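Per chain, numbering begins at 1; letters A, B, ... match sequence-line order. Note that the coordinates shown come from a computational prediction; the quantities given were computed from them, not determined experimentally.
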Amino acid sequence: MSNMSRRSALQLTSGMAVLGTLALAGCGRGDDTAATASAKPVDSSPAKGTVKVWAPQGDADVLAKVIKPFKAANPDLDVKFTLIPNAEYYTKLQSAIAAGKGPDLAQFFPEAQAQFLDPSILRPVPDGLVEPDSFFKSLWDAGVVKDVAYTVPWYAYTYALVYRSDLAEKAGVKAPTTWAATVPFLKALQDAGAAHGLGADIGWDIFNGQDVAMYAWQAGGSLRSADGKWTLDTPATVDALKFNASFFTSGTADPSGPTFLDAQPYFVSGRTACMITGPWVVGQLDTAAKKTGWTTSHVATAPLPAGSSGSTSFAGGGTWGVLASSGNADASWKLVRHLATPSTQVAQYKAYSSLPAVVSAWDDPAIADQPLLDAFLTQMKTTRAFPQVSTWQQVATRLGKEMEGVAKGTQSAEKAAAKVQAYAESLGSGTE
Amino acid sequence: MTSVVPASPRKDRRPRGARRTAVAWLFLAPFTLVFLLYTAVPTVAALGFSLTDLRGMDLRHPFAVDLVGFDNYLRLFRDDSFLRDLLNTGLFVAVGVPLTMGIGLALALALDSGIRRLRGVFRTVFFAPVVTNIVAVALIWQYAFHANGTVNEVFGAVGFAGPNWLDDPDLAMPVVILLGIWRNFGYAMVLFLAGLQAVPRDVYEAAAIDGAGRWRQLRHITLPLLVPTTLVVTVLLTVFYLQVFDEPYLLTNGGPLGSTESVALYTYRQFGAGEFGVSSAASFVTLLLIGLVSVVQFRLLRPRT
């Protein structure tokens, strides 16, 4: 390359750097694009056109089958599903939204959807589309920001105790109703033959963080103050961290396992005797035991033990949101409305065991006649929504990470809480 | 008798001047385009992003974010996790590079001299880890180093209770580094073998005639002549270990207690969390580190003339 060419190349490179930086510096973050959304009511005429639906693989796998009656009633509608691997779902959705090539309708997770609740991303739920009071309150609340609802709940779950009833009977103990009774209960299960009382989650990730948050609520804490400041270095969070750690320090849970895929085999084989987990487990244990009816004769469920402020849990599940960029919002909302009807929710339960987000659908015999689900219904009624701020997932992940140190005795609960608070403060809410 | 044909002025078929430059650019164009599109522009963009508070959903309006100067860099160096990850990465380099090179060189020397007949077989065997799928390898290593895994079964067979390798903060890092070494020593070996084969045989013959033994030949001929290869191997391995990601991610996911978390893993996590500004800043710190270390290595190891 001649000197001239080299100089040209340098000029080109430095020019790009300067241009890039200037462009970024030139304009500060202004107001978001004005919402193209309209909250006007959706009529009852048949849905038409094409609706592109994105959802993570899992509960949505059976949707094409579940919405067959809706398709039959709306013959001019074409619903195109794209199912994306769970781990990549939000990344792909974010990229698509950023590129303006998102779907019409997308599924979200109420425990991690806050970053999308913005009029430039999602349309507000039209007036009268669904009845907010028909859903579990925390699930509905998870989609509401500044009194505007952006998502409609679809399926629901929460955590409860799933334990080996045969071992509890042998030990002569009943499910604990308080924090104080929890470790003794787990120890009794160990005495009855389990290697460890609790098969605790040892991912030290966002799910552990959610557990700590849930315990903080049970201890009377809140994750954010009324004026929007993080409140994670409170005595309630410290108590929550200590409670979670008590399973490991008491020897009732093993910090080395089971890992995620081992949880059910360990439980079935008796290596662990209790799990703090979701309702899907109830339907999977027979398979893990390779014996139909094993769950009925070996398993019981109970609401979570209460802390000083009660037995609060968090609301998880799935919700639907119509993207602001959707070209067929009308048909999308009609599909959402159909998915929120009790009969569709029961059909979804029968097809995939997704428990309904509509409270009345739990009265259907398909669900009501399953006693092991009672504890989950009880627990669902005392759930709370995680903070609707976009940095919550990062904060929860950090909580989970710091939890590891407390559980393994390498740092105090107080120090962990202070570190998470400092981290959360440095992040803010992600919107200011 | 051969007739001599008078030499006619040979026509120079090479292009000249501006045409020559144009042809050069024509051949360079494909690479230049790919380089600009996939390396230069993203690098410059990442530098710009590292000076902003760009987050996930801001990608809708990437030029409407706030310029925060060096705040992201300051945030990195105020973050205990990042500082720990920097130290971890330093440990990967400090332990991984010399051991990988040492094993690679030792095997190359062995293959080049003693066991020539089986060189092809051994070269294949030792190079296999380089081309084996790391995901599959990491899974096998996870099983092997599990508390009840193969390694501890071997320990158990000789009456010694093995530790829980991957759940012990003091032991997890050595296992992860070991995986890195296992994966890379074949690469170093092949490069050293190429270097060794470039050393003229007559130099050894001359040295042997002068009475130099094998050790003296190694010390005074082989190693000095391998300096250019050593430089290349050192720089390549250092860059690899400074960017180490697969091994800690797949084997321990950075744990336990963050003891195997690397800067690349930190960068990845920040990106996944939508913190594009911080993630870009972390990637730039890595870039600077690689540049700095490479310059130092080139200065220390470049062949003296």
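Within 6.0 Å of CZ on F245(B) lie more than 12 heavy atoms contributed by other residues, nucleotides or ligands. Heavy-atom contacts from other residues, nucleotides or ligands closer than 6.0 Å to OH of Y268(B) number 12 or fewer. Counting heavy atoms of neighbouring residues, nucleotides and ligands inside a 6.0 Å radius, atom CZ of F207(A) does not exceed 12 of them. Open room surrounds OH on Y249(B); 12 or fewer heavy atoms of other groups in view lie less than 6.0 Å from it.
Minimum heavy-atom separation, N148(B) to R271(A): ND2-NH2, 4.3 Å. Here the shortest heavy-atom pairing between N164(B) and S256(A) reads ND2-OG, 2.9 Å. Contact between Q394(A) and A273(B) at its shortest, heavy atoms only, is CG-CB, 3.3 Å. Between K419(A) and D80(B), the closest heavy-atom pair is CE-OD2, 4.3 Å.
Between chain A and the options S81(B), A24(B), P256(B), A147(B), heavy-atom pairs under 4.5 Å are most frequent for P256(B).
Residues E275(B) and L427(A) are in side-chain contact: their nearest non-hydrogen atoms beyond the backbone lie under 4.5 Å apart.
Residue Q393(A) does not touch chain B at all, counting heavy-atom pairs closer than 4.5 Å. Looking at D79(B), the atoms closer than 4.5 Å to chain A (heavy atoms on both sides) all sit in the side chain, from C-beta outward. Of the two parts of T410(A), only the side chain, counted from C-beta on, holds a non-hydrogen atom closer than 4.5 Å to a non-hydrogen atom of chain B. For R78(B), no part sits under 4.5 Å from any heavy atom of chain A, backbone or side chain.
With salt bridges taken as basic N to acidic carboxylate O contacts below 4.0 Å, one links D167(B) and K408(A).
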